[in-house]
S.K.: 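I have a structure I would like to understand better, so I am pasting it below and will then ask my questions one at a time.
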Amino acid sequence: MPIQPTTVTIGSYSFLCRPLASANFSDLSAVYIILCVGMQGKWNILDVGQTEELGERIDTHERRDCWENHCRGKNIWVGVYKMSGDQYTDADRLHIENWIRSTYGPFPCGKR
């Protein structure tokens, strides 16, 4: 039976989360978080980013190896906060990404 998506709230933003291994995203505009979920369900943010093309970005992400190296059980999830391009700008997405970085970071795989 597939694992059901869950919601993680960071600040006032609700991210729809699902296991990375079973995630299939279309190319939509979003802020995303990469989570490592531990044995007792405790999660840690490994990375955060934003993109206009989520499917392409996650599938070819240059820090994917870092996510796997920093998540012992390899239970990696991705959370998505959709921000449609007709309602939000690149600057809007960057603002949320930067807020998460400054409030909850640094992240082991999110260094720039």
S.K.: Taking H70 for the side chain and C66 for the main chain, is one N or O donor matched with an acceptor at less than 3.5 Å?
M.R.: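 Present.
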S.K.: Closer than 3.5 angstrom, by distance alone: can the side chain of S102 be matched with the main-chain N or O of W99 as a donor-acceptor pair?
M.R.: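 It does hold such a pair.
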S.K.: Taking side-chain contact (heavy atoms from CB on, under 4.5 Å) as the test, write out the residues that go with N44, two or more places apart.
M.R.: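 For N44, the residues satisfying side-chain contact (heavy atoms from CB on, under 4.5 Å) (neighbours in sequence not counted) are K42.
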S.K.: With H61, which residues qualify under side-chain hydrogen bond (donor to acceptor under 3.5 Å, both in side chains), at least two apart?
M.R.: Y32, R57
S.K.: Cut-off 3.5 Å, no hydrogens considered: what does the side-chain donor-acceptor table look like for residues 7-20, sequence neighbours left out?
M.R.:
none

S.K.: Please round to the nearest 0.5 Å and tell me the distance separating atom CG of D59 and atom CZ of R64.
M.R.: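 Between atom CG of D59 and atom CZ of R64 there are 6.5 Å.
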S.K.: For K82, which residues count as a side-chain contact (heavy atoms from CB on, under 4.5 Å) partner, sequence neighbours excluded?
M.R.: L28, V80
S.K.: Just how far is it from atom CD of Q50 to atom CG of N98, taken to the nearest 0.5 Å?
M.R.: 9.0 Å
S.K.: Taking only residues two or more places apart in sequence or in another chain, which ones pass side-chain hydrogen bond (donor to acceptor under 3.5 Å, both in side chains) with W43?
M.R.: none
S.K.: Less than 4.5 Å apart, side chain to side chain, heavy atoms only: is that true for R101 and D47?
M.R.: yes
S.K.: Under 4.5 Å between any side-chain heavy atoms of I33 and V78, yes or no?
M.R.: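 In short, these two side chains do not touch, never coming nearer than 4.5 Å.
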S.K.: Distance from E52 atom CD to E56 atom CD, nearest 0.5 Å?
M.R.: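 Taking CD in E52 and CD in E56, the distance rounds to 12.5 Å.
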S.K.: With rounding to the nearest 0.5 angstrom, report the SG to CG distance, C109 to D65.
M.R.: 9.5 Å
S.K.: Would you call I34 and V48 a side-chain contact if the rule is heavy atoms closer than 4.5 Å?
M.R.: no
S.K.: Calculate, to the nearest 0.5 Å, the distance between atoms CD1 and CD1 belonging to I100 and I45 respectively.
M.R.: 6.5 Å
S.K.: Just to verify, what does D90 make a salt bridge (Lys or Arg N to Asp or Glu O under 4.0 Å) with, not counting sequence neighbours?
M.R.: R93
S.K.: Which pairs count as disulfide (SG to SG under 2.5 Å) when at least one residue sits in residues 20-55, sequence neighbours excluded?
M.R.: C36-C71
S.K.: Apply ring pair (Phe, Tyr, Trp, His ring centres under 6.0 Å) to F107 and list each qualifying residue two or more places apart in sequence or on a separate chain.
M.R.: none
S.K.: Among residues at least two apart in sequence or on other chains, which ones pass side-chain hydrogen bond (donor to acceptor under 3.5 Å, both in side chains) with N75?
M.R.: W77
S.K.: Can you name the residues that form a side-chain hydrogen bond (donor to acceptor under 3.5 Å, both in side chains) with D92, not counting sequence neighbours?
M.R.: T89
S.K.: Report the distance from atom CG of L46 to atom CG of N69, rounding to the nearest 0.5 Å.
M.R.: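 With rounding to 0.5 Å, CG (L46) is 10.5 Å from CG (N69).
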